[in-house]
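Both ligands and their constituent atoms are indexed starting at 1 by order of listing.
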Amino acid sequence: MSIKKLWGGRFSSEEDPFFSSFNRSLPFDRELLEVDVRGSVAYARALHRAGVFSQRERLSVEKGLRAVVKDHGRNPGLVDKSTAEDVHTYVEQALAEKVGALALRLHTGRSRNDQVATDLRLYLLEKEKKIEGRIRSLLHTLCDLAEKSAGIVMPGYTHLQKAQPVLFSHYLLSYAEMLLRDLGRLNEARIRTDVCPLGSGALSGTVYEIDREALARDLGFSAVSANSMDAVSDRDFVLDFLFFAGTLQVHLSRLSEDFILYNSGEFSFLQLDDSVASGSSLMPQKKNPDSLELVRAKTGRTLGHLVSLMTVLKGIPMTYNKDLQEDKEGLFDAVKTTEDCLRMVQLVLERVRINPQRMRESAKLGYLNATELADYLVAKRMPFRKAHSLVGKIVVRASELGLTLEEMPIREYQNFSPLFADDLYACLDLQKAVDRRKELGGTSTATVKKAIRALRRKIRK
Ligand code: ARG
């Protein structure tokens, strides 16, 4: 038994071959084959409960559907050979090969509109779970590296100018915080994905006694859509995912940018492992951080997909329009890109070699302890604004002399203020400067240690 089209009834002329290929989604929505079948299995059960299928018919459809997935697993090339318009048509045709005319009754009360919306949600729920696992794993890697790097002081920057000394671990945990927020956004997206549209029909609901609550439960959904028109045309959950994924990738891109800089000869704070770098075809000395450059660049894809789908959705009249078929390729690509970038960054972090000496040396140059000097004067009751301006002048003097603040003799300081005494040198120590920031959120050794513990607890949840 074979079915050509799902909707041939009112058509008298053949489709133009170019239109056919323009219109087809099978080449990409084949990605939904398994979830499409899952949806159909549950729908067959719902039809049985509604009295449309006998028990025997339901079992036969279910068996046929499972065989379709099995065939596909064994031979994905079967889909390549098919001329079906989309994955739903393909599955129905393949089912008809197995169970004959019974396959044609599976679509009773169902439309591809509620079907595709259901498929996409089932697909995304699976991916969201997987991506959540990857983020948690990357978070642990960040914590591991932060633990391994305990006590390493580096220059902290603003405007890419040396600003104040910080712990390298503290710097790493800043990215862990971003990823934690990403987990929160992912969870929000997941909640909005976790709604079952099946049973909404083409747009107005179903005339069959489909127990939508039971159907949703059967598919593992936590909620049922409340309005059939919204249900078949809502793709907000995809936007939510793309916003989450875009933000996550912006974070991964920033981390990549930092590491690309820190890996450069000019910084040399760290070194990427050979296994995640590549050479130049011309310059034999080069080792390029391609892995991270690609993570940085691939962010653009997901951001593009977000804008693209927003644009697709903004103008479509209620309810389903074929425009909605354009939701898939971008989403699939964003899912893959997100998974790949998370994996790539994790690999880089697991194998990176840190250069604590270089970080410390760099933190010693550039007057990163100037703020400490101002705080020293403030402790001696000088108003901060005044201290700030005075230290500015002291820094100019020190750099004229080619000295660091630690190296400049006390008499030079005393030319600026009688408040200076020999104890000023103790406050200039970088480690002490770091450890003075011991309030919540600061960079002191003890605070960072606690922060790692708190993070581990949150990651496990
Ligand atoms: N391939 C279509 C899509 O992805 C399936 C839904 C088709 N529905 C329709 N009324 N033509 O959106």
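- Counting heavy atoms from C-beta on, the side chains of Leu183 and Glu132 come closer than 4.5 Å.
- In terms of polar-atom proximity, defined here as any N/O pair under 3.5 Å, Lys322 makes no such contact with ligand 1.
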Arg110 vs Ser40, side chain to side chain donor-acceptor pair (under 3.5 Å): CA-CA, chis, key distance, verdict: CA-CA 10 Å; Arg110 187 175 67 170; Ser40 286; 2.9 Å; yes
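- With Asp86 as reference, Arg112 is the one residue of Arg112, Arg24, Arg30 to meet the salt bridge (charged side-chain N to carboxylate O under 4.0 Å, His left out) rule.
- Closest approach of Gly151 to Gln431, counting heavy atoms only: O-OE1, 3.9 Å.
- Listed by number with element, the atoms of ligand 1 under 4.0 angstrom from any heavy atom of Gln325 are 1 (N), 2 (C), 3 (C), 4 (O), 12 (O).
- With ligand atoms numbered from 1 in the order given, ligand 1 contributes 1 (N), 2 (C), 5 (C) to contacts under 4.0 Å with heavy atoms of Asp86.
- Seen from the ring of Phe221, Arg121 does not count as a face-on cation partner, given the 6.0 Å and 45° thresholds.
- Residue contact check: Asn113 has heavy atoms under 4.0 Å from atoms 8 (N), 9 (C), 10 (N) of ligand 1.
- Among protein heavy atoms, the minimum distance from atom 11 (N) of ligand 1 is reached at Arg112 NH2, 3.6 Å.
- The protein atom (non-hydrogen) at minimum distance from atom 6 (C) of ligand 1 is Tyr320 OH, 3.4 Å.
- Inspection of the Tyr175 and Asp258 side chains reveals an N or O donor paired with an N or O acceptor under 3.5 Å.
- Residue contacts with ligand 1: Gln115 is excluded, as none of its non-hydrogen atoms falls under 4.0 Å.
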Step-by-step side chain to side chain donor-acceptor pair (under 3.5 Å) determination, Ser222 to Asp194: CA-CA 6 Å; Ser222 314; Asp194 193 7; 2.4 Å; yes
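- Taking 4.0 Å as the cut-off, Glu85 does not count as a neighbour of ligand 1 on heavy-atom distance.
- Atoms of ligand 1 found under 4.0 Å from any heavy atom of Lys328 (numbered from 1 in listed order, with element): 3 (C), 4 (O), 12 (O).
- Every atom of ligand 1 is numbered from 1 in the order shown, and the set under 4.0 Å from a heavy atom of His88 is 5 (C).
- Listed by atom number, the atoms of ligand 1 under 4.0 Å from Ser25 heavy atoms are 1 (N).
- Below 30°, between 30° and 60°, or above 60°: for Phe269 and Phe267 the angle between ring planes is above 60°, a perpendicular geometry.
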